[in-house]
There are 2 protein chains.
Amino acid sequence: MCLNPAERPDAAPRSAIRAAAEALFAENGIDGVTTRTLAERAGVNTAAVNYYFGSKDNLALEVFRDVARRSVRRRLDNLARIEARARAEGRAADLAELVEAFVDAYVNEDSPRSGLLLAHLVLRHRVRPTAWTRAIVREELDGFALRFIAALRRAAPHLDAREVHWRYHLMVGAMIMILSDQMADGRMKRLSEGLCDPADRAQLRRQLIGFLVAAFGAPGNGARPEPAP
Amino acid sequence: MCLNPAERPDAAPRSAIRAAAEALFAENGIDGVTTRTLAERAGVNTAAVNYYFGSKDNLALEVFRDVARRSVRRRLDNLARIEARARAEGRAADLAELVEAFVDAYVNEDSPRSGLLLAHLVLRHRVRPTAWTRAIVREELDGFALRFIAALRRAAPHLDAREVHWRYHLMVGAMIMILSDQMADGRMKRLSEGLCDPADRAQLRRQLIGFLVAAFGAPGNGARPEPAP
DNA sequence: ACATGATTGAAACATGTGTTTGAATCCGGC
DNA sequence: GCCGGATTCAAACACATGTTTCAATCATGT
């Protein structure tokens with residue numbers, strides 16, 4: 001009756017597989033998860049993954065596309081709220097508000113996994129770009145990035161377009177890497193002898209925001225060549 | 001006569017393989033290179049890789065350990081020079097000098113590939129930590145990181161140890177990610193419609209340094225909880 | 001209760017890829 | 001000139017892992 005099981009989001013094994021995939025991808029990365037361990041964790045047969053999702057790549061696409069959408073949605077909401085409030089007060093949104101709105105989608109207590117997953121997606125796309133990572137980046141993330149960069153430009157009139165672009169990407173980089181620190185071997189915690197821990201969300205948030213707001217506040221240097229010292 | 005070909009750094013095929021590995025790893029990432037394509041590029045038989053290096057992992061270890069050592073060496077030299085000059089002038093090294101010394105090892109015209117390779121190593125360690133990436137990070141990079149953090153602490157007396165640690169890792173993250181942008185699909189160039197290009201080393205250097213120096217210059221907020229808005 | 005299509009399960013299949021093999025070849029020293 | 005180890009080569013091997021098969025089972029509508 002139902003010809004395509006891939007289009008039945010209500011099927012129980014289907015959501016079991018998705019849940020297991022989300023958990024395992026966050027724990028071990030995409031390449032650290034085999035269809036067999038995935039099926040075992042979901043309590044289904046190995047073939048079920050392909051039966052319900054077509055392929056492992058397709059499953060990853062679906063999981064990560066969802067994560068990307070949730071994150072973008074949350075950041076767009078934050079952005080809209082901030083701009084509405086600023087407009088109501090007859091001013092432009094300021095940098096601190098914007099940076100906080102951006103960071104919030106990665107670092108929030110509600111779904112601590114989604115930040116990790118999103119970070120993993122972006123890193124994975126850098127290390128080993130594939131058709132499905134590229135699709136998510138272009139279809140889900142690029143549009144938001146441009147929208148956010150436009151907001152940043154209004155909030156940072158001391159910078160030209162070029163500089164805002166650079167700093168946006170530097171911001172994303174700093175955030176992704178600090179988030180992914182805990183994915184590997186917890187380098188920061190180890191080097192700081194326990195002083196700094198990215199799993200401490202409040203600390204992470206405070207440090208990130210302080211760092212980034214100051215970085216965006218730096219005066220621009222235009223396209224002029226580096227001045228002699 | 002020579003029992004272990006793995007310890008003959010002078011053998012011609014050996015260095016051909018190493019050179020090919022360095023080039024291909026920078027172009028396609030470690031996982032994007034098979035022993036077969038590697039051997040083909042080096043003009044040797046497939047078995048030669050294992051004959052001279054034991055295993056692909058061993059080859060990667062050797063290549064990336066070298067890259068890490070070169071980079072650390074260069075940064076330690078920069079650091080020593082800066083601190084000597086500052087001492088001669090009866091002052092402490094300042095943040096701008098230190099940041100520039102750090103960035104320089106990734107972004108220098110002499111060996112444009114080593115920055116890419118180092119970035120790839122770190123990213124790969126985040127996405128898929130393995131014994132050999134961990135070995136390099138711990139044995140080659142951690143010591144330098146602590147040394148550099150100590151220098152930063154002297155240059156930034158307005159920050160406590162915790163904040164310097166955080167910012168060091170945020171700095172590394174921003175740099176690694178901006179460098180790796182060109183490895184994947186050149187996202188920054190695409191989104192900025194050609195305005196920003198990380199392959200433009202002078203621009204990259206200028207933007208990175210401006211961003212990071214300002215970020216380090218931000219006042220610390222201690223360990224106090226976030227002040228109410 | 002039956003028929004029919006959806007789902008499950010164990011096993012096999014396909015393939016990419018690191019690695020090893022064993023014979024052939026090269027090369028230096030006696 | 002020949003011997004022995006070092007090197008090269010094509011081929012085979014090993015094996016992890018994504019995917020497919022096909023029969024067994026389940027569920028549902030009549």
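The figures that follow rest on heavy atoms only: side chains count, while hydrogens, waters and symmetry mates do not. Proteins come first, then strands; the chains are lettered A, B, ... in the order of their sequence lines, and each starts at number 1.
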Does the pair B:R75 and B:Y106 meet the rule for a side chain to side chain contact (heavy atoms under 4.5 Å, CB included), with working shown?
-> CA-CA 9 Å; B:R75 280 183 286 186; B:Y106 286 82; 3.0 Å; yes
Do A:F216 and A:F211 pass the ring pair (Phe, Tyr, Trp, His ring centres under 6.0 Å) test, and can you show the C-alpha distance, the side-chain angles, and the key distance before you say yes or no?
-> CA-CA 9 Å; A:F216 267 106; A:F211 184 91; over 10 Å; no
List the steps and the verdict of side-chain hydrogen bond (donor to acceptor under 3.5 Å, both in side chains) for B:S180 and A:R126.
-> CA-CA 7 Å; B:S180 72; A:R126 290 288 165 91; 2.9 Å; yes
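A donor-acceptor distance shorter than 3.5 angstrom exists from the side chain of B:H120 to the backbone of B:I30, with no hydrogens or angles considered. Counting only distance, with no hydrogens or angles, the side chain of B:H165 and the backbone of A:C196 share no donor-acceptor pair below 3.5 Å.
When rounded to the nearest whole Å, the span between CG of B:N50 and P of C:dT21 equals 11 Å. The distance from atom CD1 of A:I30 to atom P of D:dT17 is 15 Å, rounded to the nearest whole Å. Spacing between atom CG of A:D31 and atom P of C:dG16 amounts to 17 Å, rounded to whole angstrom units. As rounded to whole Å, 17 Å separates atom C1' of D:dT8 from atom CD of B:E40. One atom, CZ of B:R36, and another, P of D:dA12, lie 13 Å apart when rounded to the nearest Å. Taking atom CD1 on B:I17 and atom P on D:dC9, their separation rounds to 11 Å, with Å as the unit. Atom CZ of A:R14 and atom P of C:dT8 are 13 Å apart (whole Å). We find that NZ of B:K56 is positioned 8 Å from C1' of C:dT17, with the value rounded to whole Å.
With D:dA12, D:dG18, D:dA10 as the choices, the nucleotide that has an atom nearest any side-chain atom of B:A47 turns out to be D:dA10. Counting only heavy atoms from C-beta on, A:N45 has its side chain closest to C:dT8 among C:dT19, D:dT19, C:dT8. Closest approach to the B:Y51 side chain among D:dA6, C:dT7, D:dT17 is made by D:dA6 (side chain taken as heavy atoms from C-beta onward).
At the phosphate of C:dG18, OP1 or OP2 sits under 4.0 Å from a side-chain N or O atom of B:T35. Taking side-chain N and O atoms only, B:S55 has no distance below 4.0 Å to OP1 or OP2 of C:dG18.
Nearest-nucleotide positions on DNA chain D place B:P13 closer to the 5' end than the other of B:T46 and B:P13.
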